[in-house]
> 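Below is the structure I would like to discuss, written out as structure tokens.
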Amino acid sequence: MKHALSAAMGAVIATLALAPVAQAQSSDAVLDRIRAKGAISIGYRDASIPFSFVDAQGKPQGYSTDICLEVANTVKTALNLPDLQVKMVPVNLQNRIPLAANGTVDISCESAVNTIARQSQVDFSYPFFISHTRLLVKDKSGIGELKDLAGKVIALPINSVPERLIRSLIEKDKLNVRIVPVKDNAEGFLALSTDRVDAFATDDILLFGLRGKAPNPSDYKVVGAPLSYDYYGFLVQKNSTVFLSLVNATLSRMARDGRLQALYAKWFSPMGVPLSPDLETIFNVIAIPE
Amino acid sequence: MTYSWNWGVLVQDPYLQWLGWGLALTLAISLGALAIALSVGTAVGILRSSERAVLRAATGAYISLFRNIPLLLQMFLWFFVVPELLPEGAGRWLKRDLPYPEIVTAIIALGLFTSSRIAVQVSAGIDAVPRGQRMAAKAAGLSQLQAYRLVLLPQALRIIIPPLTSEILTIFKNSSVALTIGVYELTTQTQQIQSITYQGFEAFTAATILYLAIAMTVTVIMRAIERGVALPGTTSGGLHVRF
């Protein structure tokens, strides 16, 4: 009996001693990789203003970048890795999903719209922004809606959600609009400012960013009713639920203690884009208690 | 890496059609550019071999300009910058009224870029014809034009067939750079399929096979041409050619 008791005690002690092993089991590919490398790789974009862009010194900046630096802090604490390095890795519209899926970046922090098709290759964090597809036009053009573009030309970013949306709307309404595909937002703006096109359509917040950086912002305006309702999320390798929950927990905490709202004010108020009731609701919804 | 394969995507509507359009556009751009590159390149190459210093300097400048600037940059300059430098009416015509401005620009940019490289090959080919041939042509009473047309060029063009084959292969591959100015050629369509279906590996495999098939076809045709025009007893008789 005594032997049985001490055996049981031994088993308990052994279990306690093995606790770190048990903790290691609640891990996943992304966390294992971060632990092995002692570094977290964060994907950024060069011109997705104000979410993820490089400043004049070539340093990645932005709303998404700031949130992901908090994610890195959460990971540092959760994995007990005080020396965790943060590696910033450039990504673009074409490669961000493959790079998140194959683990080149642990998290892609920019302005990716959450779609069902994309969910087949990557997982998305909680939403941290909503955008709408709208149009950037010249102030004097008199264009107010997509239908005003009949007989005119529109620039669309190659392989993007707005491109497919606008193409389908043009086809549905049989509008006579010529499409000029552009590689990125900077080229879209270049095409508009040099009169190659009459409008450039993409996520409205990116359009506000482009307008803000124009030599004469008042020459341009963002017009049209919202053509879509798109949530932005961070991209994470599929089935990395433990890492993804750390990312989401970071967003929840930041939404609850007001840091997310403060970051919004820091990046979007200078652009003249106030927090919309829709996004405020999103922030309340993702503020899940501890 | 977590990836779910689905080869069926390649034969699905509309993706098969997209690949077909992409292939057609790749062929159209490459062949259009090839026509420009061969005609301009041959002309510049002939002038380059001239004995007149001013022609040599002018063609040298042309070759330096088009050969030393990366193709990607040239494509961009032709598309976005050149229309701004022209008088407003002409610039506006290029930007707005020209049908398919991005395709036309891609053909011209790729054609002129390649023409500088072909020009170097043509002039090197002419230089490689033994000097005695030019002298003999002169001695036989042929004019400069006749000497080029009847004696120098027929030999020079045979000599440069092997490097020209590489150049033609390169033109097909370089046509993918047209992606940067919004041409929906094979590579763009492949990326488009990837961006919609997320089956990027399947789409890129298909594109790889198509590019490979184009290259093999070009090689076979050029070898047939080389054998067909070979002069008995010369090195261009295909003796040195191996796969």
Side-chain angles (χ1 to χ4, degrees), chain A residues 28-30 33 92-104 112-113 115-123 151-161 163-164 167-168 171 178-184 186-198 235-240, chain B residues 1-6 9 14-15 18 22 25 72 75-86 88-89 91-103 105-106 176-185 187-204:
Chain A
D28 59 44
V30 176
R33 197 165 58 225
N92 61 37
L93 282 173
Q94 276 81 43
N95 68 16
R96 60 186 179 183
I97 288 178
L99 292 187
N102 76 9
T104 305
V113 175
T115 68
I116 302 286
R118 287 176 175 173
Q119 288 179 17
S120 68
Q121 298 294 350
V122 287
D123 283 337
K152 296 199 162 80
V153 192
I154 187 169
L156 300 173
I158 292 180
N159 301 335
S160 64
V161 172
E163 182 201 16
R164 287 190 284 283
R167 272 186 194 277
S168 67
E171 273 171 33
R178 192 161 67 80
I179 293 169
V180 171
V182 291
K183 195 166 79 327
D184 55 32
E187 264 178 37
F189 186 75
L190 184 61
L192 177 67
S193 61
T194 57
D195 279 327
R196 184 175 281 281
V197 299
D198 301 291
L235 308 179
V236 171
Q237 191 173 52
K238 230 174 154 38
N239 304 324
S240 305
Chain B
M1 161 161 191
T2 48
Y3 189 86
S4 41
W5 292 90
N6 174 17
V9 76
Y15 307 123
W18 287 4
L25 209 45
L72 186 69
M75 204 69 86
F76 199 82
L77 288 173
W78 281 108
F79 193 62
F80 280 109
V81 181
V82 168
E84 303 307 315
L85 301 178
L86 295 174
E88 206 182 315
R92 199 172 162 76
W93 184 82
L94 274 182
K95 286 187 287 192
R96 305 299 292 263
D97 302 330
L98 179 69
Y100 306 109
E102 62 278 359
I103 297 177
T105 309
S176 62
V177 175
L179 150 73
T180 58
I181 55 170
V183 178
Y184 277 79
E185 45 69 69
T187 306
T188 321
Q189 295 284 21
T190 309
Q191 288 195 352
Q192 169 126 339
I193 294 172
Q194 180 204 328
S195 115
I196 292 184
T197 64
Y198 298 95
Q199 303 296 342
F201 293 135
E202 294 85 340
F204 280 112

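Naming: A, B, ... by sequence-line order, numbering from 1 per chain. Atom set for the values below is all heavy atoms of this structure, side chains included, hydrogens, waters and symmetry mates excluded.
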> Tell me the closest heavy-atom pair linking Gly182(B) and Ile158(A), and the distance in Å.
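Taking every non-hydrogen atom into account, CA-CD1, 4.0 Å.
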
> Minimum heavy-atom separation for Gln199(B) and Gln121(A), please, with both atom names.
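It is NE2-NE2, 4.0 Å.
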
> Among the options Val182(A), Leu93(A), Ile97(A), pick out the one with the most heavy-atom pairs lying under 4.5 Å from chain B.
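Highest number of heavy-atom pairs under 4.5 Å: Ile97(A).
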
> For the candidates Gly200(B), Gly91(B), Pro101(B), which exhibits the highest count of non-hydrogen atom pairs separated by less than 4.5 Å from chain A?
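Greatest number of close heavy-atom pairs with chain A: Pro101(B).
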
> Below 4.5 Å from any heavy atom of chain A, which atoms of Phe79(B) appear? Answer side chain, backbone, both or neither.
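Its backbone and side chain both get close to chain A.
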
> If I measure from the heavy atoms of chain A, does Glu84(B) come under 4.5 Å with its side chain, its backbone, both, or neither?
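Only the side chain of Glu84(B) comes within 4.5 Å of chain A.
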
> As an exercise, state the distance from CG of Asn159(A) to CD of Gln194(B), rounded to the nearest 0.5 Å.
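That separation rounds to 8.0 Å.
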
> Would Thr188(B) and Lys183(A) satisfy side-chain contact (heavy atoms from CB on, under 4.5 Å), going step by step from the backbone distance to the final call?
CA-CA 10 Å; Thr188(B) 321; Lys183(A) 195 166 79 327; over 6 Å; no

> Indicate the atoms forming the closest heavy-atom contact of Arg96(B) with Arg178(A), along with that distance.
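That would be O-NH2, 3.6 Å.
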
> Side chain, backbone, both or neither: which part of Glu187(A) has an atom under 4.5 Å from a heavy atom of chain B?
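Both parts, heavy atoms under 4.5 Å.
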
> Could you name the residues of residues 188-197 of chain A that have a heavy atom within less than 4.5 Å of a heavy atom in chain B?
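Contacts with chain B: Leu190(A), Ala191(A), Thr194(A), Asp195(A), Arg196(A), Val197(A).
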
> Give, as side chain, backbone, both or neither, the part of Ile181(B) having an atom under 4.5 angstrom from any heavy atom of chain A.
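Only the backbone of Ile181(B) comes within 4.5 Å of chain A.
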
